[in-house]
Amino acid sequence: ARAIAAPMLAACAVVAVGMLVLFPGSHHRSPALGTGRQPAAPASFDVLRPYVRLGGLPADEHPGRMNGTPRWQWVNYGAADKAGGELVAYARGQCTVSGTALICPEAAGSQLAPRVQPLGRRVATVRGSAAYWNPHGLVSSESVKSTISVSGTGSTTSHNQRVKKVWAGLLTWQYAPGAWAKVYAPTLPEALSVARGSRFGRAVAPVFRFGIRLTGLPAGTRVDYLLAGPSRRSDVEFGLSGGYPEVGYHVGTNACLPARDIAGKVSTETIGGYRVRVFRIDGQPPWSLCAPDARGLTITIDGGRSKAAVTALFSHIRVLGTDPARWTTKPVG
């Protein structure tokens with residue numbers, strides 16, 4: 001479903017293939033943890049409201065996409081021509097210290113933050129809280145193909161080898177009592193600058209506004225996770241409770257043609273006055289739907305267990321158009 005022409009997840013220039021977690025020796029003592037005079041963090045985030053505002057970014061780098069769930073919020077940053085870093089904040093009580101390792105729920109942004117990571121060495125304080133630096137925050141194991149030419153014979157041999165590469169270091173600290181944050185950055189000075197310049201709280205950024213609204217769903221249906229870009233024209237995706245497929249949209253029209261083979265399993269229908277394309281990649285489930293021009297928006301539904309699952313959900317979508325003044329802060333209900 002990610003193969004449709006509308007881009008979905010903004011990824012870093014390179015993606016780690018596999019994570020390698022390095023565990024310290026058992027002789028290390030548990031770190032001293034300071035919290036300073038910081039306000040309490042919520043035990044669960046409001047998915048529809050940002051809790052993090054990035055600051056202290058390198059010159060010419062800007063906040064990117066935000067991924068959010070009730071347990072964590074992840075924001076990346078960078079420049080137009082290169083990937084930058086990541087900040088992930090966890091709700092109160094989500095992380096625990098075991099020896100010299102921090103255990104948190106897995107969180108996914110442009111990279112994947114593993115469940116267990118060593119804190120590393122204490123290097124500084126961030127707003128009164130002890131900060132720890134692990135230079136091997138994100139490590140990948142890649143397959144690299146090399147070719148060797150034998151002089152005078154004209155023959156060559158090729159083989160694959162696994163190469164470990166450190167993408168970024170990790171700075172970890174408590175931004176509030178019982179609530180932890182991580183900054184993945186290429187250098188310690190950059191990580192400290194971002195940690196000290198960022199702010200946390202319900203009032204640090206405006207609530208999200210949405211160009212679509214789903215009505216008529218069962219009472220109690222809510223947004224479980226949200227992916228949103230830094231501008232109103234960026235892609236937005238969100239998941240719903242109750243086992244519904246994922247819903248997404250972006251400002252602008254799109255041909256909605258999958259890049260991969262759909263084996264003729266595509267149909268064009270009219271639902272609620274909008275033309276939509278319904279298809280299965282390679283002719284297999286799950287089902288996807290794309291409306292290429294719904295009042296200036298491209299709307300997608302991905303991951304349906306059946307054709308009826310995606311078409312029925314689209315019938316609940318009210319399109320609000322491209323004018324943000326007409327958008328809503330309540331995408332469901």
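Both backbone and side-chain heavy atoms feed into the values below; hydrogens, waters and symmetry mates do not. Treat the numbers as computed from the prediction; the structure is a model and nothing was measured.
Note: F200 and Y175 have parallel aromatic rings, judged against thresholds of 30 and 60 degrees for the angle between ring planes. Classified by interplanar angle (parallel below 30°, tilted 30° to 60°, perpendicular above 60°), the ring pair W72/W74 is perpendicular.
The OG atom of S231 lies 12.5 Å from the NE2 atom of H62; values are rounded to the nearest 0.5 Å. To the nearest 0.5 Å, atoms OG (S241) and CG (D224) are separated by 5.0 Å. The line from CG of L313 to CD1 of I301 is 4.0 Å long, rounded to the nearest 0.5 Å. The CD atom of Q73 sits 4.5 Å away from the CE atom of M66 when rounded to the nearest 0.5 Å. The distance from the CG atom of L102 to the CD atom of Q174 is 9.0 Å, given to the nearest 0.5 Å. A distance of 15.0 Å separates OH of Y184 from CH2 of W167, quoted to the nearest 0.5 Å.
In terms of modelled atom types and a separation under 3.5 Å, the side chain of T125 and the main chain of G128 share no donor-acceptor contact. In this structure, the side chain of N254 does not engage the main chain of P292 through any donor-acceptor pair within 3.5 Å. Between the R196 side chain and the V126 main chain, no donor and acceptor come within less than 3.5 Å of each other. Within the 3.5 Å criterion, the main-chain N or O of E190 finds a donor-acceptor partner in the side chain of T187. Under a 3.5 Å cut-off, the side chain of S193 and the backbone N or O of G56 do form a donor-acceptor pair. Proximity of a side-chain donor or acceptor of D293 to a complementary backbone N or O of T253 within less than 3.5 Å is not detected. In terms of modelled atom types and a separation under 3.5 Å, the side chain of R213 and the main chain of R318 share no donor-acceptor contact. No donor-acceptor distance shorter than 3.5 angstrom exists from the side chain of H316 to the backbone of L214, with no hydrogens or angles considered.
Of all the heavy atoms in A294 and I299, the pair that sits closest is CB-CD1, 3.8 Å. Contact record, A191 with L171: O-CD2, 3.6 Å, taken as the closest heavy-atom pair. Of all heavy-atom pairs between W133 and G169, the closest is CH2-CA, 3.5 Å. The nearest pair of heavy atoms linking C290 to T300 is SG-CG2, 4.0 Å. Among all heavy-atom pairs drawn from G84 and P186, the shortest one is O-CD, 4.4 Å. Contact between S288 and D302 at its shortest, heavy atoms only, is OG-OD1, 3.2 Å.
Inter-residue side-chain proximity for V276 and F314 is flagged as met; some heavy-atom pair is nearer than 4.5 Å. Between V47 and P70, the closest side-chain pair of non-hydrogen atoms falls below 4.5 Å.
The salt bridge (Lys or Arg N to Asp or Glu O under 4.0 Å) with E269 is formed by just one residue from the set R277, K307, R275; it is K307.
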E246 and Y225: CA distance, side-chain angles, deciding distance, side-chain hydrogen bond (donor to acceptor under 3.5 Å, both in side chains) verdict = CA-CA 10 Å; E246 180 184 82; Y225 65 88; 2.7 Å; yes
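Note on E86 versus R65: no salt bridge recorded, every NZ/NE/NH1/NH2 to OD/OE distance being 4.0 Å or above.
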